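In what follows, chains are A, B, ... by sequence order, proteins preceding strands, each numbered from 1. This structure is a prediction, so every number in the text was calculated from the model and none was measured.
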Protein chains: 2
Amino acid sequence: MTQDPDHAVELLWREREREPRQGLSLDRIVRAAVELADAEGLAGLSMRKVADRLGFTTMSLYRHVPGRDHLVDLMRDAVLAEHPEPAAGGDWRTRLEEVARQAWRLRGRHPWLAEIRGTRHVPGPNAVARYDEMLGALTGTALRPSEVIAAAGLVGRFVDAEALLLVETRREERRSGVSEEEWWGARDSLYDRLDRYPALSHLWEAGGWDHPEDSFEFGLARLLDGIEALIRRRDETRDETCRECGTRLEPADSGRPRVYCSRACRQRAYRRRQTG
Amino acid sequence: MTQDPDHAVELLWREREREPRQGLSLDRIVRAAVELADAEGLAGLSMRKVADRLGFTTMSLYRHVPGRDHLVDLMRDAVLAEHPEPAAGGDWRTRLEEVARQAWRLRGRHPWLAEIRGTRHVPGPNAVARYDEMLGALTGTALRPSEVIAAAGLVGRFVDAEALLLVETRREERRSGVSEEEWWGARDSLYDRLDRYPALSHLWEAGGWDHPEDSFEFGLARLLDGIEALIRRRDETRDETCRECGTRLEPADSGRPRVYCSRACRQRAYRRRQTG
DNA sequence: CCTTTGCTGTTTATGCCGTACACGTAGTAG
DNA sequence: CTACTACGTGTACGGCATAAACAGCAAAGG
């Protein structure tokens, strides 16, 4: 019974019901779970602890939530509702950067977001909204549709990976009372053996580890640069690809340059202009 | 007792001893654990199962290995010994790309590598060798030392993130017998609600999901492009930064252009030329 | 009115997990 | 021979998710 994605869809997209005066409810469970995960991370989130926090037995939760996995899905969509600032206008780069930074900040507040694993999480309305914002930042560009999607996924995964790194170090630091720097500084028995690695030694002597780059800032800048390079390349050949689906255009028979690859694409574009 | 990093260093960097004719040994345990993790993933790796596979009791393992975490460290360094092809010559980009692809292929053979979490894993000799290769690909460039390190980390984390994605989908597909495509294709109850997300709908109608990009290839290309852009920028200002530590140079008093920012840096460079 | 039905929370139990601890046993150095 | 060490074992504890049967209660139907 742990596997009913359609049930998950219903829970995620359900209308918010009013809370009962007493007793459990889905929203109360989700809120308690979010608090717990904020404090102890996703690994520290257990059905027992959530139930304890609410003053009920463990199994009582299962009357409202199909299981732990679904609970995490619900938690995700709950916190993804925060900060609904509408995306500002501007060129694609500033917009995409802003969306990435918002995702980053959100993971600062709820680090467990980056710890969620698995590829079959049904998105709720807020997850889709965030995704749409990211896609929206890139849709105006010369990128092909599949490239827009790939780029959004790339940036999203980057943010998660960096956030994961950060939360892991932070939690370990809090747990052990030893900072990352102190811990690695005490690994003399390791450093004694690193002489015969040339690049490592060179960088060490050059002070490469003295003032490390901010890995989120550095990575984000490289990523945006990389996407920009592709967009520039696509811009150069923009007139040779279908404006709707991005496939390469056959050379036009007549003198007039073609814009769409097929009647279907032209009509799709036209219809959208009417409705949107 | 589970926390003794120096003990981990000793185990990882120990000389390989000859195997006993019978009974357990560290290497036998590590090999069995690798086989198990290859088949069932890191989550499916348990001390019980490793012991069963070897025909011993669970607790016998603890005579040779401090605990599960250390075992994983040992497994990592064991498989990182595979493929010791020396890095080929060439420009930085082809070298870095090749290192990334080797890491990618290795994670194809041992998907659990990407599942390892935590930031305080002591590297063994092979882990350091792989890291040194990646750093080495970038040391010839105009990047500053800290940027070389950041770029290597970025590429490394990218490979891990993509590998993690892949292994998660694959495992889920095998476990459930339903392919990712089929599973998402069956989520009609979800798609019914996605009309009011403009970018998403647009891309959907434009066929963006029909022929998706290969996310590893796409991401790697963008990343390399992004790093290339930075290198080009640094190349332009190469003569204005210290050749040793990369900080900006004060304008020279005399007419002759400066090369190093300080006597210390000049001496470091000189000494390295003598020894290396 | 009483009874039936369904919702909610509880109790108990199963099968995983890592590993602490006390115990045997066999080989070896003194 | 003895004491010591290395190695393997058995038992036990506390943690986890969750299946299954059960109890109370409120609304619905007769």
Once you round it to whole Å, what is the distance between [atom2] of [N] and [atom1] of [X]?
X      : N       : atom1 : atom2 : result
R63(B) : dT5(D)  : CZ    : C1'   : 10 Å
E40(B) : dC16(C) : CD    : P     : 12 Å
R68(B) : dT19(C) : CZ    : P     : 8 Å
L42(B) : dG18(C) : CG    : C1'   : 14 Å
I29(B) : dC7(D)  : CD1   : P     : 11 Å
L61(B) : dG10(D) : CG    : P     : 14 Å
R28(B) : dG8(D)  : CZ    : C1'   : 14 Å
F56(A) : dG24(D) : CZ    : P     : 17 Å

Can you see if the side chain of [X] gets near the phosphate of [N] - specifically, an N or O under 4.0 Å from OP1 or OP2?
X      : N       : answer
H64(B) : dA6(D)  : no
S46(A) : dC16(D) : yes
T57(A) : dT10(C) : yes

If you pin K49(A) and M59(A) to their nearest nucleotides in DNA chain D, which one's is more 5'? K49(A)
Under-3.5 Å donor-acceptor pair between R48(A) side chain and dG15(D) base: no
Looking at F218(B), does the NZ or CZ of R222(B) lie under 6.0 angstrom from its six-membered ring centre and within 45 degrees of the ring axis? yes
Ring-plane angle category for F158(B) and F216(B), please: parallel below 30°, perpendicular beyond 60°, tilted otherwise. parallel
Reckon L45(B) touches a base, only the sugar-phosphate, or nothing at all at heavy-atom distances under 4.0 Å? sugar-phosphate
Could you check whether M47(A) gets within reach of a base, just the sugar-phosphate, or nothing at all, counting any heavy atom under 4.0 Å? sugar-phosphate
Looking at every non-hydrogen atom in both residues, tell me the closest pair between L203(B) and W209(B) and how far apart they are. CB-CZ3, 3.7 Å
Salt bridge R175(A)-E172(A), side-chain N to carboxylate O under 4.0 Å: yes
Under 3.5 Å, is there a donor-acceptor pair between the T119(B) and E180(A) side chains? yes
